[in-house]
Structures are given as C-alpha cells and as structure tokens.
Amino acid sequence: MQLSIIIVNYNVRFFLEQCLCSVQKAVTGMEAELIVVDNNSPDDSLTYLQPQFPGVHFIASAENLGFAKACNLGLQQATGQYIVFLNPDTIVPEDCFRSCIRFFETHPQAGALGIKMLDGKGRFLKESKRAFPSPMTSLFKLFGLATLFPSSKTFSKYHLGHLNENEDHEVDVLAGAFMMIPKEVLNKVGGFDETFFMYGEDVDLSYRIQKAGYTNYYFAGSHIIHFKGESTRKGTMNYVRMFYNAMSIFVRKHYGGSRAGIFHFLIHLAIWVRAALSALGQFVRRIGLPLIDAGLILLSFWLMKNIWNQYVRTDIEYENRLLWIAFPAYTVFYLITAYYAGLYDRWYKWTGLVRSTVMATIVLLAAYALLPEQYRFSRGIILFGAMLAFLLISSLRWVLIQTKVLTSNKEKEEHATTVIAGSPEEYLQAVQLMKEAGLQERILGRIAVDDNKEGAIGQVNELNKLLSVIPFREIIFCQGQLSYASSIAIVKTLPGFLKIKFHAAGSRSIVGSESKDTSGEALSTENGFKLAEPGNRRIKRLADIIISFLSLASFPVHLLLVKKPVSFFANCLAVLTARKTWVGYIKNEQKLPALRKAVMTCNGFPAVQPQQLPDESLYKLDYWYARDYEPIYDLKLLWRRYRHLGG
C-alpha cells in the first residue's frame with residue numbers, strides 16, 4: 001500500500017462528506033486507503049456517511065478520544081508507505097498527494113511534510129508554517145507585535161512571516177490539519193503523544209521528528225482548502241484553556257531550566273489575558289451589548305434634552321422627575337423594538353441597526369402621542385435623541401467589529417444572490433439542494449465550466465468580469481466536471497466579499513466558510529427550517545407571552561369555556577416563564593430547531609395525549625411544521641383547539 005489517509009471526525013459530517021469526495025478523486029489510480037475515526041459524533045456522522053463511502057474504513061469510537069489518541073487508533077490500522085493525517089474540514093486538489101510523494105522521493109532527508117493551506121475564501125493560512133514556541137516568540141505573539149509586523153523575522157518568528165509562502169522551506173512545526181509522514185519515520189519516533197487531547201500534538205510530533213535527525217518541510221507545490229473555523233472555536237474560554245495547557249505540556253516535556261520557568265510564566269500570563277478578553281467578549285455578545293446600548297440611548301436623550309433646553313426651547317424647564325421616568329421608559333421601548341427588529345442576532349448587520357432605529361423611533365413617537373399632556377415634552381428630543389443614539393451605537397458596533405468582539409457578515413442578508421458553476425446536470429443537483437434548504441430564490445443561474453454555454457449566464461474563467469454586470473455575492477463550485485485544482489486556483493483570484501461554497505457531484509451537502517475564525521456553513525436537505533430563523537423565533541416567543549398574559553388577565557372567562565381550567569392556568573404560567581410553548585413538536589427530535597415542551601402539538605392534540613401514528617409519520621409532521629412555519633398557523637391552531645388548552 002502506497003498511501004494511508006487518516007481523518008479524525010467529530011460532528012462535522014457535511015464537511016467530511018466533501019472532504020472524502022475530494023480525497024477519493026485525489027487517490028484515483030493510487031494504492032491508497034482511507035481511514036476515518038469518528039470520535040462519538042452526536043450528529044450521526046457514521047449513519048450518514050457509511051452508505052455513501054463503502055470503500056472507506058470507518059472506526060467508531062465509543063467516546064471522544066481527542067485528536068491525538070484517535071489519530072493513533074487509525075495509525076494502528078494503516079498499512080501505507082506514507083501516512084497522511086488530514087482534517088475533516090479540508091478539500092484537497094487532484095495532484096496533492098502525488099506531488100507530496102514526489103517531493104519525498106527527491107528529498108531523502110525529509111521526515112515530514114506540511115502543505116500550503118488556504119481558508120474558505122482562498123486566503124493564505126499562516127499556520128501552514130511555524131517555528132517552535134519560545135519565550136520571546138510567545139511574548140511577541142501575546143502582545144500583538146507579530147500582527148503589527150507580519151513579515152518580520154524577529155517579531156513574526158512564530159509563523160515564520162519572513163519566509164515566502166509560495167516557496168518550499170525547511171520549517172520546525174507542521175500543522176496537524178495536513179501532515180504527510182513516511183511510515184518508517186513514525187515507526188522510529190512513534191505517533192502522537194496522547195497526553196495532548198487537542199492542540200499541541202502536532203508541535204510535539206514535529207519536534208520529535210526533527211530531534212530524530214529528520215527535516216520538516218513546508219511544501220508550496222500544492223495547496224489545500226482548510227475551512228478551519230469549523231473545527232476550532234477560537235473565541236471560547238474552552239479554546240483558550242486547551243490551547244495554552246497544550247503549550248504548557250510541551251514546555252514541561254521538552255524544555256528545562258530557567259527557559260522553562262520563563263515560558264511557564266508567559267503561558268500563564270497569556271491564559272489570564274486571553275481568558276479575560278474572551279470573558280469580556282462573551283459578556284458583551286451575550287448580555288452586555290443591550291446594557292451598553294441602553295446606556296448610550298439614555299446618554300443620547302439626556303444630551304439632546306440639554307441641547308434642546310439650552311438652544312431651542314429656552315423658555316421651558318423640564319421636571320427632573322418626569323425625565324427620570326420618561327427616558328428609561330423610552331430606552332426600554334427602544335431596546336425591545338431593536339430586539340424584535342434583529343439588532344441582537346448572531347450576525348451584526350448595519351441594515352438591522354437602521355431598521356431597529358426607525359421602528360423604535362416610530363414606536364416612541366406613537367407612544368408619546370398617547371401620553372396625557374402633562375407627561376409630554378418635545379417630539380424633537382425623541383427624534384434627534386434617536387438619531388444621536390443611532391450614531392453612537394453605529395460607532396460602538398464599528399469598534400467591536402474591528403476588535404473582533406462582534407462578527408459582521410455583510411453578505412448574510414436575506415436576499416443574497418447565488419450563481420452555480422457546473423455542468424447542466426450538476427447545476428440541477430445543486431439547485432435541488434438549495435430548494436430543499438429553502439434558498440432557491442437566491443439562484444441567478446448557471447456558470448458554464450466548459451464550452452457548453454447553453455442556458456448559462458457566463459463562463460467560469462470570466463467570473464471577475466461577470467461581477468461587474470451581474471449582482472451575485474455567492475458562488476457554488478460543483479466538483480465533477482470542474483476539477484478541485486481548478487476551483488481552488490479560481491478561488492484565489494476572486495474578491496474577498498464573495499462567498500465561496502463547494503459541492504461535490506452526487507453529494508448531499510454544500511459547504512463553505514467565511515473566515516478561519518468563524519464557524520463553517522453547511523447546506524443540506526436538513527436546512528431551510530423557517531422555524532430556525534431568528535425573526536420567526538422572536539415572533540413565536542412574543543406571541544406566547546401575549547397569549548399567556550391576555551389569558552391570565554381574562555382568566556374568569558375561561559373557567560366556563562376551557563376544559564380543565566386549572567391546568568390551563570398552569571400552562572399559562574409555564575409558557576409565560578419560558579418552560580413551555582403553546583404550539584410545539586409531537587416528538588422532540590435533535591435534528592429539528594429546538595423548541596420548549598409543547599402545550600399543544602403541531603397536529604392539534606394536547607401534548608399529554610398519546611399519538612396513534614407511527615414515529616416516522618410523527619417526525620414528518622414535526623419536520624413540516626419546522627420547515628414551513630408561519631406565526632399565523634399557531635394562532636389559527638390555538639383558536640381552533642381553544643377548549644383543549646388545559647390538556
């Protein structure tokens with residue numbers, strides 16, 4: 001056997017599906033084996049993938065072993081002359097493995113080979129080549145000097161920024177996302193150190209290979225796509241802890257004396273600094289942002305009141321007691337409206353801020369008009385205060401995006417437009433997937449990948465020209481007639497604002513990633529749930545609250561009309577306190593968007609009542625409810641089944 005490819009998977013079945021499709025093309029005509037070790041993925045990866053890839057050797061672990069131990073488990077089964085450790089969130093071109101093997105054949109001193117890696121938009125990943133960690137390189141990286149001077153031999157030594165990314169180089173550390181190592185080398189130095197659960201094991205193995213007298217190489221003769229964000233959550237406290245603990249293990253194992261002491265100090269300093277920044281970022285994203293916005297809104301109204309009082313209506317003196325009541329009330333109105341307008345969704349969109357500001361201002365002015373005369377002051381304060389709040393919140397969002405506390409995705413709009421590059425048959429397959437995901441309205445047309453331009457809006461070799469005349473913001477490369485190597489080469493030439501996705505012919509998913517620091521995105525037949533949309537979820541919760549509140553306020557009426565009125569009263573309280581929802585699933589399946597326990601199932605029966613249909617039919621009813629959800633459906637169902645809301 002010439003080649004063994006070992007892939008460790010955890011919960012990324014759609015990315016792994018695309019990875020395996022690319023690997024199978026790359027090993028065509030070679031004596032190669034594919035080994036996938038699944039670390040007890042909760043997404044049913046093996047059930048999904050095994051029927052599609054009968055030639056792949058799948059190993060199912062009963063627990064999450066971590067990366068190093070799982071790789072070694074695969075290594076025990078490997079029989080190839082060369083071993084490749086490959087991440088599941090990668091795509092390899094057709095020439096990849098052959099080019100690497102040729103490099104080994106012409107460099108007998110080579111002990112391991114890493115490769116040029118690109119992110120999901122074709123940008124170079126600097127982790128492709130690294131030096132061994134040292135106190136000074138860690139210090140420069142910790143305090144941001146490596147970022148300020150990315151090409152410096154001194155400050156950017158960790159990522160070897162001074163070395164040309166388009167040339168082969170001797171390096172210290174190879175990335176675990178792609179490591180090709182001769183089996184005889186691994187027999188001498190051993191596999192990954194299982195002390196490392198995740199992170200650091202590639203540094204340790206690279207160190208031992210070099211210490212054994214071999215040379216590690218960065219190879220620029222081929223390149224791969226590494227979506228990366230899908231397997232690494234860099235902003236989390238868990239990442240910070242695991243990464244720096246891995247570095248601590250490496251230092252204790254290989255360094256000694258005062259050098260180790262300095263290194264340990266820097267590592268713990270880094271842990272505390274990164275942990276503090278991570279905690280601050282998570283607080284702002286999850287809780288603090290509305291509080292900060294509230295402060296800015298209050299400040300805006302207060303400043304505008306003073307300006308108005310001093311320069312516009314100098315003859316009026318506003319009572320402080322009135323302002324202490326009115327301004328906080330207006331701020332609460334503003335925040336509630338902003339929430340339902342989508343300002344606090346996962347992706348920040350400038351249009352969401354504009355929409356929320358306009359809606360909040362209208363709501364405030366409408367509420368103002370309903371107030372008694374003695375509680376009113378100037379509409380100008382409200383209008384211009386809202387405008388000032390908009391400017392301050394916009395500025396804050398800009399700062400948070402620049403510091404990567406928030407993520408802005410300008411192309412995450414509802415009406416993003418898509419073109420699909422592929423043959424007519426591949427185009428129809430991709431369109432069907434988009435249709436099942438509820439995104440068919442985005443598609444503008446097909447990009448031809450050969451001379452057959454019938455029905456196409458352009459050719460793949462003229463994408464940059466097409467961008468100037470066709471307003472598409474996303475392209476899906478169908479990998480069949482178009483090679484992976486050609487797709488990757490094209491991706492490198494495309495502008496950064498364009499979203500890139502890949503779809504292997506015959507597969508059941510489409511994958512892509514916006515950057516190395518954010519989660520990848522996968523489209524499949526399981527996407528397209530309207531119930532998963534943030535706007536619909538907010539409306540559903542708002543309807544639950546309003547119905548519960550009105551029901552409690554008019555409860556004596558329901559004593560005569562509702563069966564089991566005491567249970568109905570209990571359900572009102574449970575929904576109001578977010579323990580239940582009025583309309584929900586029959587069977588709570590993990591594959592569907594999460595919902596609270598239901599009072600009434602989506603097929604119109606009390607949740608406590610046994611269902612007579614088989615489980616498969618019940619799941620389909622839940623699936624259709626989640627896929628086609630409309631808020632009005634819940635209201636109609638509750639009206640029709642009103643007498644049975646007590647269970």
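Note: hydrogens, waters and symmetry copies are ignored here, and every other heavy atom, side chains too, is used.
Residues that satisfy the side chain to side chain donor-acceptor pair (under 3.5 Å) test with E31, not counting sequence neighbours, are absent from this structure. E94 meets the salt bridge (charged side-chain N to carboxylate O under 4.0 Å, His left out) test with K25; sequence neighbours excluded. Partners of F104 by ring-ring contact (aromatic ring centres under 6.0 Å, His included), not counting sequence neighbours, listed by chain and number: Y82. The salt bridge (charged side-chain N to carboxylate O under 4.0 Å, His left out) search around D172 returns none, not counting sequence neighbours. Remark: E630 pairs with K530 by the salt bridge (charged side-chain N to carboxylate O under 4.0 Å, His left out) rule, at least two apart or across chains. L428 pairs by the side-chain contact (heavy atoms from CB on, under 4.5 Å) definition with nothing, not counting sequence neighbours. For K540, the salt bridge (charged side-chain N to carboxylate O under 4.0 Å, His left out) partners are D634, not counting sequence neighbours. Remark: L494 engages L463, N464, I475, F477, I490, L498, I500 in a side-chain contact (heavy atoms from CB on, under 4.5 Å) (not counting sequence neighbours). Among residues two or more places apart in sequence or in another chain, the ring-ring contact (aromatic ring centres under 6.0 Å, His included) test is passed with F178 by none. Listed by chain and number, the residues in a side chain to side chain donor-acceptor pair (under 3.5 Å) with S22 amount to none (sequence neighbours excluded). Under the rule for a side chain to side chain donor-acceptor pair (under 3.5 Å), the partners of H503 that lie at least two apart in sequence or sit in another chain are S507. Considering only residues two or more places apart in sequence or on other chains, H107 meets the ring-ring contact (aromatic ring centres under 6.0 Å, His included) condition with F103, Y217.
For the pair E17 (side chain) and L20 (backbone), a donor-acceptor distance under 3.5 Å is absent. Although no hydrogens or angles enter the test, the distance criterion places a donor-acceptor pair under 3.5 Å between the side chain of Q459 and the main chain of D450. Distance alone, capped at 3.5 Å, is enough to place a donor-acceptor pair between the Y585 side chain and the P593 backbone. The main-chain N or O of Y218 is never found under 3.5 Å from a side-chain atom of K129 such that the two would form a donor-acceptor pair. The backbone N or O of Q481 lies less than 3.5 Å from a partner atom in the side chain of E426, making a donor-acceptor pair. At least one donor-acceptor pair closer than 3.5 Å links the side chain of R537 to the backbone N or O of L531.
In this structure, D451 places its CG atom where only 12 or fewer heavy-atom neighbours from other residues, nucleotides or ligands lie under 6.0 Å away.
A donor-acceptor pair shorter than 3.5 Å cannot be found between the side chains of R397 and S394. Side chain to side chain, D38 and N9 meet the donor-acceptor criterion of an N or O pair below 3.5 Å.
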